[in-house]
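For the numbers below, each heavy atom of this structure counts, side chains included, while hydrogens, waters and symmetry mates do not.
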Amino acid sequence: MLSKRWATALTLLAGFLACLFLLPQSWWALVMAAPLVLGAREWGRLSGFAALAANAYALASAALAALVYVWGSAYHVQIYLAALVFWLVVAPLWLAFGWRLDQAMLRIVSGWLVLLPLWLALVDLRAYSAFGLLLLMGIVWIGDSAAYFTGKRFGRRKLAVQISPGKTWEGALGAFLAVTVYAMVVLGVATALGQLQYPADWFLPLLLFVWLMLYMSVLGDLFESWIKRLSGAKDSSNLLPGHGGMLDRIDALTSTLPLAALMLLHGQALTQALI
């Protein structure tokens, strides 16, 4: 099982890196629509939609992304702000109170709030810096891997037993330590390469940002686990051998990258919205 998991992960990573650094921006946006469409279909199935309705939802999600790409440049901030409200307010309440929200329209809108901002963030962040996007995703990947292996080896105390019994506080601590080291390594390398004039000024803000991303990644992971639990599913699908479905791979990214895009690309708009 572990070898199959690694084989799938390495194949996906190789394809992702090739697309990230070689494709033109328009083709990148098109390729990144694949996780959106596949994730939307899985979301529809987890929401109890029939196969035909889930396929229609996936196509509607692709059409919505196309509209945003062609005509929605003025609304990127609003989309990210909607995602911010969802992940910082709605999702925690959803988990805290164990909401089921079986109404089809609420599930449809929720799915778009989860998936569309992620696709947009992948497009916008890559346009800003492909390597920067990779570093951001590294926070999620390193935290997730550290939590998995630390929890498997040392896990005793459950983090959220009613939502995801496999997650432990020891795993969360392992993830915290791993991403902290990752942030310090990135800061050290950037300093050595002369990318930072005053590295000491970046130390605390970088740590706070990385810790925020880790918290958001755990939240996204738990939220998708709750949606699966409501539908009685172990995985969102069997699309990826050893990993489950597309949502199982991008769950932590749905909650982290839109917030990162809002903070890094639209910091002034975020400040104005919060004041």
Side-chain angles (χ1 to χ4, degrees), residues 9 12-36 65 68-70 72-81 83-84 87 115-145 178-217 220 249-273:
L12 290 174
L13 180 60
F16 175 81
L17 291 177
C19 293
L20 178 64
F21 291 108
L22 298 178
L23 287 181
Q25 182 66 13
S26 58
W27 279 96
W28 167 259
L30 181 61
V31 171
M32 287 301 100
L36 169 67
V68 171
Y69 187 77
V70 176
S73 59
Y75 300 100
H76 288 200
V77 173
Q78 288 83 348
I79 292 172
Y80 291 137
L81 285 173
L84 177 69
W87 285 113
L115 293 167
L116 184 63
L118 170 61
W119 170 81
L120 186 60
L122 286 167
V123 174
D124 285 351
L125 287 168
R126 197 264 191 169
Y128 180 75
S129 171
F131 190 68
L133 173 58
L134 184 61
L135 289 177
L136 287 170
M137 297 178 75
I139 299 172
V140 174
W141 293 338
I142 289 172
D144 183 64
S145 298
V179 299
T180 300
V181 171
Y182 175 71
M184 295 174 69
V185 169
V186 170
L187 183 64
V189 172
T191 301
L193 294 177
Q195 298 298 310
L196 297 178
Q197 187 174 3
Y198 303 105
D201 295 340
W202 287 85
F203 182 73
L204 183 57
L206 179 60
L207 282 182
L208 292 175
F209 176 78
V210 168
W211 292 339
L212 175 61
M213 291 297 102
L214 177 62
Y215 165 76
M216 297 301 295
S217 71
R249 286 300 84 216
I250 65 173
D251 51 6
L253 296 174
T254 60
S255 53
T256 53
L257 290 189
L259 179 57
L262 181 61
M263 294 176 66
L264 298 177
L265 306 182
H266 307 285
Q268 184 176 359
L270 174 61
T271 302
Q272 292 175 350

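- Across every non-hydrogen atom of A121 and A261, the tightest pair is CB-CB, 4.0 Å.
- In terms of heavy-atom proximity, L206 sits nearest to A183 at CD2-O, 3.4 Å.
- Within the 4.5 Å cutoff, the side chain of W27 has no heavy atoms near those of the C19 side chain.
- Between L36 and L116, the shortest heavy-atom distance links the atoms CD1-N, 4.1 Å.
- There is no side-chain donor-acceptor pair under 3.5 Å between T254 and W87.
- Annotation: W202, atom CH2; neighbour count of heavy atoms from other residues, nucleotides and ligands within 6.0 Å does not exceed 12.
- In terms of the side chain to side chain donor-acceptor pair (under 3.5 Å) criterion, Q78 has no residue partners (sequence neighbours excluded).
- In this structure, R126 and L20 have side chains that are in contact, with non-hydrogen atoms separated by less than 4.5 Å.
- Note: F16 and W28 meet the aromatic proximity criterion, with ring centroids under 6.0 Å apart.
- Here Y80 contributes atom OH and L265 contributes atom CG; the two are 6.5 Å apart, rounded to the nearest 0.5 Å.
- Using modelled atom types, no side-chain atom of Y128 and backbone atom of L133 make a donor-acceptor pair closer than 3.5 Å.
- Taking a 6.0 Å sphere around CZ of F21, one finds it holds more than 12 heavy atoms contributed by other residues, nucleotides or ligands.
- Residues V123 and Q25 have side chains in contact (heavy-atom distance under 4.5 Å, counting atoms from C-beta outward).
- Taking the side-chain contact (heavy atoms from CB on, under 4.5 Å) definition, one finds that D251 meets it with D221, E224, sequence neighbours left out.
- When all heavy atoms are compared, the tightest approach of F203 to L187 is CD1-CD2, 3.6 Å.
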task: Determine, step by step, whether M213 and V179 satisfy the side-chain contact (heavy atoms from CB on, under 4.5 Å) criterion, reporting the C-alpha distance in whole Å, the side-chain angles of both residues, the deciding distance to 0.1 Å, and the verdict.
output: CA-CA 10 Å; M213 291 297 102; V179 299; over 6 Å; no
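- In plain terms, the two heavy atoms of T256 and S217 that are nearest each other are CG2-N, 3.4 Å.
- Side chains of L257 and L122 form a contact here, defined as non-hydrogen atoms less than 4.5 Å apart.
- Using a 4.5 Å cut-off on side-chain heavy atoms (C-beta onward), V210 and T180 make no contact.
- In this structure, Y182 contributes its side chain and G143 its backbone to no donor-acceptor pair below 3.5 Å.
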Give the intermediate values and the outcome of side-chain contact (heavy atoms from CB on, under 4.5 Å) for residues I250 and L115. CA-CA 9 Å; I250 65 173; L115 293 167; 3.9 Å; yes
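- In this structure, A252 and S255 approach most closely via the heavy-atom pair O-OG, 3.2 Å.
- Two residues are said to be in side-chain contact when any heavy atoms from C-beta on lie closer than 4.5 Å; H76 and V68 meet this criterion.
- Taking CG of L125 as the start and CE of M137 as the end, the distance is 10.0 Å to the nearest 0.5 Å.
- No donor-acceptor pair under 3.5 Å is formed between the side chain of W119 and the backbone N or O of P35.
- Counting heavy atoms from C-beta outward, V181 and I142 have side chains that stay 4.5 Å or more apart.
- Taken to the nearest 0.5 Å, the CD1 atom of I79 stands 14.0 Å off from the CG atom of L84.
- Residues F209 and L259 form no side-chain contact, since every pair of their non-hydrogen atoms from C-beta on lies 4.5 Å or further apart.
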